[in-house]
Amino acid sequence: MLKKDIIVEKDKKLVNLLQDYGFSFADVNKMLRNKDVKINGKATRDNVAVHMGEIVTFYYSADMLEKKYEILFEDEDVYVIYKSAGIEVEGQKGLESVLKNAIAVHRLDRNTEGLMVFAKNQIAEKKLVEAFKNHQIHKFYIAEVVGKFDVEKQIFKDFLVKDSENSSVKIYDQKVKNSVPVETKVNTIKSGAESSLVEVELITGKTHQIRAHLAFLGHAIVGDGKYGKNEINKKFKQNRQKLACFRLKFDFIDVKGLNFKEFVKKPKWAEY
């Protein structure tokens, strides 16, 4: 059995906390039935509320962590995979460790799902990083956002300040100290009174840019606990942001003669 200790950062139900770490609902309930979960050293079988600062300890088998990715393309130089929500890119259980010889050339948050490219050697890594830097690989996202949001391929230009201490960013409508310009292109797919489905293209690619920018515009992503509002997420019964990188478009790629143009995969919740 493997063991992990978690210091709770935000009040939530125990089941939701464990699901955030990549466990299925069934496996979480199995751990609870077997008294493999402790709160501050005391075993529990119940889906109780846990609070900030408490220590949750749980014991699990390696096979409990579901296979959280799908390989869409692989050759001797690259992987193109679809990452599910709830898995890290880095770390012992991250995709760089799970996939053989995988080097991530871009990132997705743990709770963001979607398409990713991994290099399998240093030559491929260099070429892919250069392609991203030169805007020759384009990332398109799909998101469900709160409220009626009706725009057509509109580019929003604002400024972002990174707060490393709190692992967050803040958006401003004018240049401030330590800010960098950000551009986010949004196109509405379906607009409703309660929520809207939008496509987002990153023109600049900064940490948490989409999540923070959409929230700044008054349309936080449904389920986003950092930039959204908990009471609204509860209303939608979502504890993970409904955000996915669903399309990667390659203007050029030349890794030992490889030449592919595009990968597209939509999450089930965003089919239209």
(message) Angle between ring planes, H219 versus F149, binned at 30° and 60°: parallel, tilted or perpendicular?
(response) parallel
(message) Any salt bridge linking K235 with E194? Criterion: basic side-chain nitrogen under 4.0 Å from a carboxylate oxygen.
(response) yes
(message) Tell me whether the rings of H208 and Y227 are parallel (<30°), tilted (30 to 60°) or perpendicular (>60°).
(response) perpendicular
(request) Taking the side chain as every heavy atom from C-beta outward, state whether Y59 and L2 have any pair of such atoms under 4.5 Å apart. (result) no
(message) To the nearest 0.5 Å, what is the distance between OG1 on T207 and NZ on K162?
(response) 4.0 Å
(request) Answer with yes or no whether the side chains of D77 and N121 bring together a donor and an acceptor at under 3.5 Å. (result) yes
(message) Under 6.0 Å from the ring centre and within 45 degrees of the ring axis: does the NZ or CZ of K265 meet both conditions for the six-membered ring of Y82?
(response) yes
(request) State whether a side-chain donor-acceptor pair under 3.5 Å links Q209 with T184. (result) yes
(request) Indicate yes or no: does E76 engage K120 in a salt bridge with an N to O separation below 4.0 Å. (result) no
(message) With rounding to the nearest 0.5 angstrom, report the CD1 to CD distance, I103 to E96.
(response) 8.0 Å
(request) Evaluate the side-chain contact (heavy atoms from CB on, under 4.5 Å) criterion for residues V50 and I39: first the C-alpha distance (whole Å), next the side-chain angles of each, then the deciding distance (0.1 Å), finally the verdict. (result) CA-CA 8 Å; V50 290; I39 302 172; 3.7 Å; yes
(message) Could you measure the distance from the NZ atom of K268 to the CD atom of E113? Nearest 0.5 Å is fine.
(response) 10.5 Å
(message) Do the side chains of D109 and R211 get close enough for a salt bridge, i.e. N-O under 4.0 angstrom?
(response) yes
(request) Please examine the side chains of S168 and K226, heavy atoms only from C-beta on, and report whether any two atoms are closer than 4.5 Å. (result) yes
(request) For residues Y79 and F73, determine if any side-chain heavy atom of one lies less than 4.5 Å from a side-chain heavy atom of the other. (result) no
(message) What verdict does the side-chain contact (heavy atoms from CB on, under 4.5 Å) test give for V161 and V176, after you've listed the backbone C-alpha separation in whole Å, the side-chain angles of each residue and the deciding distance to 0.1 Å?
(response) CA-CA 8 Å; V161 175; V176 298; 3.6 Å; yes
(request) Check whether V151 and L214 end up in the same hydrophobic cluster, where Ile, Leu, Val, Met, Phe, Trp and Tyr are linked by side-chain heavy atoms less than 4.5 Å apart. (result) yes
(request) Take L95 and I81, measure what side-chain contact (heavy atoms from CB on, under 4.5 Å) needs, and give me the verdict at the end. (result) CA-CA 10 Å; L95 288 173; I81 66 100; 3.6 Å; yes
(request) Report, as yes or no, whether the 6.0 Å neighbourhood of atom CD on E231 holds more than 12 heavy atoms from other residues, nucleotides or ligands. (result) yes
(message) I need the minimum non-hydrogen distance between P181 and T204, along with the two atoms involved.
(response) O-CG2, 4.1 Å
(message) Is it the case that over 12 heavy atoms from other parts of the model lie below 6.0 angstrom from the CD atom of E130?
(response) yes
